[in-house]
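Computation of the quantities below employed the complete heavy-atom set of this structure, encompassing side-chain atoms and omitting hydrogens, waters and symmetry-equivalent molecules.
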Amino acid sequence: MTFFRNEMIIQRDRYLNELIGWKHTDLIKIVTGLRRCGKSFLLFTLFHQHLTGSGVDEEHIIEIALDDISNESLRDPLRMLEYVKGRVKDKQQYYLIIDEVQLLDRFVDVLNSFMHISNVDVYVTGSNSRFLSKDVATEFRGRGIEVHIYPLSFAELYSAVGGDKYELWKRYYVYGGLPYLAALDDNSKRAEYLTLLNRTLYLRDIVERNKISNIEEFSELMNVVASSIGSPCNPNKITNTFKSVKKMVLDNKTVSKYLSYMEDAFIVERSVRYDIKGRKYIGTLSKYYFQDIGLRNALLNFRQVEETHIMENVIYNELRSRGYRVDVGLIEVRTPTERKQLEVDFVANKGDRRYYIQSAFSMPNEEKREQEMASLRRINDSFKKVIVVRDNIVSYYDCNGVLIMGLMDFLLNDSNEI
């Protein structure tokens, strides 16, 4: 699917550069991600343009969309192998791009067979619930590398549509970043599209893959998780919510299973708690964030659009799309009279880089400032500490060396560093 806005293609440079970085390696490049987040567009448009712009002849780019009925015969594994081998006519490098690869019978065996053709570089994407599994790369016996793509970041959307960034932010935190929405000029159409996807695509995928018999029960759990973004929870806590609010009995084992289904389909991601001073993970409570905030809002019929919690979810997604592993930080504070835990919203790690980040909608007074600073001041290492605020401010460092930055500065930063 191609997305245009005023004849401009929405660039996805982060993911394109990642693909380019793995080019010509002896690995299958597997593009995964939420349905409708732009996987096909990345391969068939942006990566294709990169190849031709680098001097690759069109005859050396083999593109197969298996959801096209004209390619139905290629869903047979032997015919697919025969077709690709027939397209390889010389010793030069070829690029094989297959979309909706899950429609190919025995696709794991077929793709591993392609690895025996030395001058074929393989790229695939798929979007049914089996292929969306987070550990799909293990299907290829260590011969695949996963490139995970998220919906449009705020910066990607802004680069395409422009205008007043604060007005665009209002739209973004309600309707999210699925690329198709960029071409729609009406909020009612955006809401209708998201609601339709939730009902006919995402829910159906999860239900069919996992053979869920009680659809109403699972739908209610999705709503509970959607209502709880930014709040620590675990299966036991969700079970209690079902008893007290939904008047339904749901055991911990079922809740854990349902949560794993949502994660496997890339609807949500789980951020676990990390003891900063003890340098260990704590498995009691976690936070769940939606990979697209518009889908989260549509699940709740746009009734709980709280900018404070949504801003935290957007910051989490931004960090993940920049390649960071993101945990919820905890610092235990003990005094002679009490023992309490202070939270750092995000501990972001990538390689030797680490950031401690607080999402603060606003800091209107000293009391609120002290509340946000309390945990950061108790971290004794030299890694950068950041507070992101919703206010339109010029970024600055306070007397404690903490970087205070506005949300727009954070989201529109074109660097992977902060």
Quick one, Asn392 with Tyr166, criterion side-chain contact (heavy atoms from CB on, under 4.5 Å). Give me CA distance, side-chain angles, the key distance, then yes/no. CA-CA 9 Å; Asn392 180 19; Tyr166 293 100; 2.8 Å; yes
Which is it for Lys39 and Cys37 under the side-chain contact (heavy atoms from CB on, under 4.5 Å) test, yes or no, and what are the steps along the way? CA-CA 6 Å; Lys39 300 184 297 296; Cys37 70; 3.8 Å; yes
Kindly determine whether Val328 and Ser271 satisfy side-chain contact (heavy atoms from CB on, under 4.5 Å), including the steps that lead there. CA-CA 6 Å; Val328 177; Ser271 184; 3.5 Å; yes
Does Val249 form a side-chain contact (heavy atoms from CB on, under 4.5 Å) with Thr239? I'd like the steps, not just the answer. CA-CA 7 Å; Val249 177; Thr239 295; over 6 Å; no
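With salt bridges taken as basic N to acidic carboxylate O contacts below 4.0 Å, none links Glu332 and Lys277. Between Arg14 and Glu18, none of the side-chain N atoms (NZ, or NE/NH1/NH2) sits under 4.0 Å from a carboxylate O, so this pair counts as no salt bridge. Using a cut-off of 4.0 Å between Lys/Arg side-chain N and Asp/Glu carboxylate O, Glu269 and Arg296 are scored as not salt-bridged. We find that Glu370 and Arg377 are joined by a salt bridge, their nearest charged nitrogen and carboxylate oxygen being less than 4.0 Å apart. Classification of Arg75 and Asp105 as a salt-bridged pair fails, no side-chain N sitting under 4.0 Å from a carboxylate O. Taking the charged nitrogens against the carboxylate oxygens, Lys170 and Glu167 do have a contact shorter than 4.0 Å, which makes a salt bridge.
Note that the CD1 atom of Ile206 and the CD1 atom of Ile215 stand 11.5 Å from one another [nearest 0.5 Å]. Taken to the nearest 0.5 Å, the CG atom of Asp99 stands 10.5 Å off from the CG atom of Asn71. With rounding to the nearest 0.5 Å, the separation of CD in Glu156 from OG in Ser153 is 3.5 Å. With values rounded to the nearest 0.5 angstrom, Asn223 atom CG is found 8.0 Å from Arg303 atom CZ.
Screening Lys287, Gln358, Arg273 for a side-chain contact (heavy atoms from CB on, under 4.5 Å) with Glu343, the sole residue that qualifies is Lys287. Of the candidates Leu330, Asp327, Val344, Leu342, Ile276 forms a side-chain contact (heavy atoms from CB on, under 4.5 Å) with just one, namely Val344.
Of all heavy-atom pairs spanning Leu376 and Val386, the tightest one is CD1-O, 4.3 Å. Between Leu194 and Ala298, the shortest heavy-atom contact is CB-CB, 3.7 Å. Taking every heavy atom of both residues into account, Val84 and Ile64 meet most closely at CG2-CD1, 4.3 Å. Taking all atoms of both residues into account, the shortest heavy-atom contact from Tyr173 to Asn297 is O-ND2, 3.0 Å. Nearest heavy atoms, Ile331 versus Ile379: CD1-CG1, 3.2 Å. Between Asn317 and Phe290 the shortest heavy-atom distance is ND2-O, 2.9 Å.
Ring geometry for His148 against Tyr150 counts as perpendicular: the plane angle is over 60°, on a 0 to 90° scale with 30° as the lower cut. The aromatic rings of Tyr95 and Phe47 lie perpendicular to each other, with more than 60° between the two planes, well past the 30° mark.
Side chains of Asp391 and Ser362 form a contact here, defined as non-hydrogen atoms less than 4.5 Å apart. Proximity of Met222 to Leu203: side-chain heavy atoms (C-beta onward) are separated by under 4.5 Å at one or more points. Inter-residue side-chain proximity for Trp169 and Asp164 is flagged as unmet; no heavy-atom pair is nearer than 4.5 Å. By the 4.5 Å heavy-atom criterion applied to side chains, Val124 and Ile28 are counted as neighbours. Contact annotation: the side chain of Met373 approaches that of Ile404 to within less than 4.5 Å [non-hydrogen atoms, C-beta and beyond]. By the 4.5 Å heavy-atom criterion applied to side chains, Leu42 and Thr125 are not counted as neighbours. Within the 4.5 Å cutoff, no side-chain heavy atoms of Ile30 are placed close to those of Val147. Inter-residue side-chain proximity for Arg35 and Leu197 is flagged as unmet; no heavy-atom pair is nearer than 4.5 Å.
Within 6.0 Å of atom CZ in Arg106, 12 or fewer heavy atoms from other residues, nucleotides or ligands are found, so the atom counts as exposed in its surroundings. For Glu192, the CD atom is loosely surrounded, since the number of other residues' heavy atoms within 6.0 Å does not exceed 12.
Taking Tyr324 as the reference, Tyr355 meet the ring-ring contact (aromatic ring centres under 6.0 Å, His included) condition, with sequence neighbours excluded. The side-chain hydrogen bond (donor to acceptor under 3.5 Å, both in side chains) check on His309 picks up nothing, with sequence neighbours excluded. With sequence neighbours excluded, no residue satisfies ring-ring contact (aromatic ring centres under 6.0 Å, His included) with Tyr288. For the salt bridge (charged side-chain N to carboxylate O under 4.0 Å, His left out) test, no residue two or more places apart in sequence or in another chain qualifies with Arg354. Every side-chain contact (heavy atoms from CB on, under 4.5 Å) that Thr25 has, sequence neighbours left out, goes to Trp22, Leu27, Lys29. Residues passing the salt bridge (charged side-chain N to carboxylate O under 4.0 Å, His left out) test with Glu59: none are found, sequence neighbours excluded. Taking Asp251 as the reference, Thr254 meet the side-chain hydrogen bond (donor to acceptor under 3.5 Å, both in side chains) condition, with sequence neighbours excluded. Qualifying side-chain hydrogen bond (donor to acceptor under 3.5 Å, both in side chains) partners for Ser188, counting only residues two or more places apart in sequence or in other chains: Asp186.
At a cut-off of 3.5 Å, with distance as the only test, a side-chain donor of Asn187 or Arg190 sits close to an acceptor on the other residue. Between Glu312 and Tyr289, the side chains place a donor N or O and an acceptor N or O closer than 3.5 Å (distance only, hydrogens not considered).
Tyr356 and Phe346 have their aromatic ring centers separated by at least 6.0 angstrom. With ring centers used as reference points, Tyr175 lies under 6.0 Å from Phe302. Centroid-to-centroid, the aromatic rings of His48 and Phe41 stay 6.0 Å apart or farther.
Pairs of residues two or more places apart, or lying in two chains, never qualify as salt bridge (Lys or Arg N to Asp or Glu O under 4.0 Å) while including a residue from residues 395-410. Every pair tested for ring-ring contact (aromatic ring centres under 6.0 Å, His included) that includes a residue from residues 369-418 fails, sequence neighbours excluded, so the list is empty. Applying the ring-ring contact (aromatic ring centres under 6.0 Å, His included) test to pairs two or more places apart or on separate chains, those with a residue in residues 214-254 are Phe218-Tyr258. Within the structure, the salt bridge (Lys or Arg N to Asp or Glu O under 4.0 Å) test picks out the following pairs touching residues 210-232 (sequence neighbours left out): Glu220-Lys246.
Asn119 places no side-chain N or O within donor-acceptor distance of the main-chain N or O of Tyr94, the cut-off being under 3.5 Å. A donor-acceptor pair under 3.5 Å links the side-chain atoms of Lys237 to the main chain of Pro232, judged by distance alone.
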